[in-house]
Amino acid sequence: MISTNLTRIRAEIEAACQRVGRDPASVRLVVVSKTRTVEEIREVVAGGEMLFGENRVQEAQGKIPLVNHPAVQWHLIGPLQRNKVKIAVEMFQMIHSLDSLELAEEVSKRALLVRPMPVLLQVNVGREPQKTGIMAEEAVGLVRKLALLPGIILQGLMTIPPMTDRAEEARPWFRSLARLKEEILAEQIDGIGMQELSMGMSHDYAVAVEEGATLVRIGSAVFG
Ligand SMILES: *Cc1c(COP(=O)(O)O)cnc(C)c1O
């Protein structure tokens with residue numbers, strides 16, 4: 001049941017925070033609602049969670065108006081094509097999946113017409129050829145360019161690490177994203193923030209929280 005799942009997930013986030021001395025309020029749950037129905041989403045809202053992640057603009061475009069709840073927020077967590085940027089800027093409160101300067105320029109252009117757009121830079125920590133996201137060594141250079149783009153508010157980093165069976169195996173990847181954040185902060189680049197780390201999914205979010213995640217993206221553990 002969704003409400004039972006939410007209770008368990010909140011308890012596990014809190015326990016992970018306690019193990020490493022973090023404030024549980026510093027972690028936000030992004031309920032990943034891709035492929036889920038409006039009814040399922042409403043059940044999560046009734047259970048008290050108001051932040052959802054969708055990975056396809058078109059699917060979100062169909063569902064968001066139907067959920068139609070003033071307190072609910074939507075984050076884009078999947079790939080964004082340039083021709084969908086206009087809609088994405090209008091629909092989402094944050095884009096987790098920014099992965100190129102070209103895309104950033106398009107978001108900037110559109111955001112100037114709508115409202116400033118919070119974004120995260122997606123990093124391919126495992127250097128997997130099939131995955132989107134920039135390489136870690138490109139991050140500082142790209143962040144410097146994003147800092148100069150109007151309309152874009154860089155707030156941190158996101159990653160989807162290589163698939164593993166055991167959550168513990170994801171720890172080094174989460175740690176490398178947290179380290180990259182520190183490296184970027186050390187550059188003292190004006191006009192950007194690095195407060196968010198979007199990492200951790202259903203099977204490994206507790207480990208991600210221990211390593212500093214501020215946004216955990218959880219789908220199957222919520223919906224079953
Ligand atoms: C589907 C998805 C998730 C959630 O995955 P679960 O294993 O169902 O928790 C998280 N992040 C991204 C980018 C996704 O596409």
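Fair warning: this is a prediction, and the values are worked out from it, not measured in the lab. Counting convention: from 1, in listed order, for ligands and their atoms alike. Numbers for residues simply follow the sequence, beginning at 1.
- For atom 10 (C) of ligand 1, the nearest non-hydrogen atom of the protein is Met201 SD, 3.2 Å.
- In this structure, of Val222, Ile77, Leu215, the residue bringing a heavy atom nearest to atom 13 (C) of ligand 1 is Ile77.
- Interface of Ile160 with ligand 1, defined as ligand atoms under 4.0 Å from a residue heavy atom, comprises 13 (C).
- Taking only nitrogen or oxygen atoms, main chain and side chain alike, Gly219 reaches within less than 3.5 Å of ligand 1.
- Enclosure of atom CE in Met163 is not indicated, since only 12 or fewer non-hydrogen atoms of other residues, nucleotides or ligands lie within 6.0 angstrom.
- Shown here is Asp190, whose CG atom has no more than 12 heavy atoms of other residues, nucleotides or ligands within 6.0 Å.
- Aromatic ring centres of Trp74 and Phe52 lie closer together than 6.0 Å.
- Considering each of Ser220, Ser198, Pro79, Ser33, the one bringing a non-hydrogen atom nearest atom 7 (O) of ligand 1 is Ser220.
- Protein heavy atom at the shortest distance from atom 2 (C) of ligand 1 is Lys34 NZ, 2.6 Å.
- The number of heavy atoms from other shown groups lying within 6.0 Å of CG (Asn83) is above 12.
- Here the heavy atom of the protein found nearest to atom 9 (O) of ligand 1 is Ser202 OG, 2.5 Å.
- Of the charged side-chain nitrogens involved, at least one lies within less than 4.0 Å of a carboxylate oxygen, so that Glu211 and Arg175 count as a salt-bridged pair.
- Of the N or O atoms in Arg217, one or more lie within a sub-3.5 Å distance of an N or O in ligand 1.
- Of the residues listed (Leu146, Leu149, Ile152), the one engaging Glu105 in a side chain to side chain contact (heavy atoms under 4.5 Å, CB included) is Leu149, and it is the only one.
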Derivation and outcome, side chain to side chain donor-acceptor pair (under 3.5 Å), residues Ser202 and Ser220: CA-CA 6 Å; Ser202 287; Ser220 44; 3.2 Å; yes
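- Applying the 4.0 Å criterion to heavy atoms of Ile218 picks out, from ligand 1, the atoms 9 (O).
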